[in-house]
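We're numbering straight along the sequence, starting at 1.
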Amino acid sequence: MILQSNITSNETSGWDAYCRQGKLIIETNKEELVTVYSADAVTMYQDEVVSGTTTVDLPQGMYIVVCGDNAKKVVNKCAGKEETTRLLF
């Protein structure tokens, strides 16, 4: 049995999704409907995004980002918290 996936790279799909500093970053080269699902299939975000960069605040967790007919898995590790280093003397 052969299973097919619509998970593709940015080079072939024209978009990318990744997390940085607790935020989901979506980059597209055209207007697209984007839907973000949590690991338990709850819709966390849905909007028609324009070409360029869109930033979405999300809690810590794993998400499936669907843009057009393609999907990507992303993980948000820091949930919006600034990563700082404290020195104790």
Find the distance between [atom1] ([X]) and [atom2] ([Y]) and round it off to the nearest 0.5 Å.
X   : Y   : atom1 : atom2 : value
D69 : E32 : CG    : CD    : 8.0 Å
M44 : I64 : CE    : CD1   : 13.0 Å
T54 : E48 : OG1   : CD    : 10.5 Å
D16 : T53 : CG    : OG1   : 10.0 Å
M62 : N76 : CE    : CG    : 12.5 Å

Can [Y] be reached from [X] by stepping across I, L, V, M, F, W or Y side chains whose heavy atoms are under 4.5 Å apart?
X   : Y   : result
Y63 : Y18 : no
V42 : V74 : yes
L58 : W15 : yes

Fill in: Derivation of the side chain to side chain contact (heavy atoms under 4.5 Å, CB included) call for L33 and Q46
CA-CA 7 Å; L33 176 64; Q46 185 172 48; 3.9 Å; yes
Worksheet item: Ignoring hydrogens and geometry, is there a side-chain-to-backbone donor-acceptor pair from T35 to T43 under 3.5 Å?
Response: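 No.
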Are side-chain heavy atoms of [X] and [Y] found at a separation under 4.5 Å?
X   : Y   : result
V34 : V65 : yes
K72 : C67 : no
I26 : V56 : yes
D57 : Y45 : no

Worksheet item: If you look at every heavy atom in V36 and L24, which pair is closest and at what distance?
Response: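 Here V36 and L24 meet closest at CG2-CD2, 3.6 Å.
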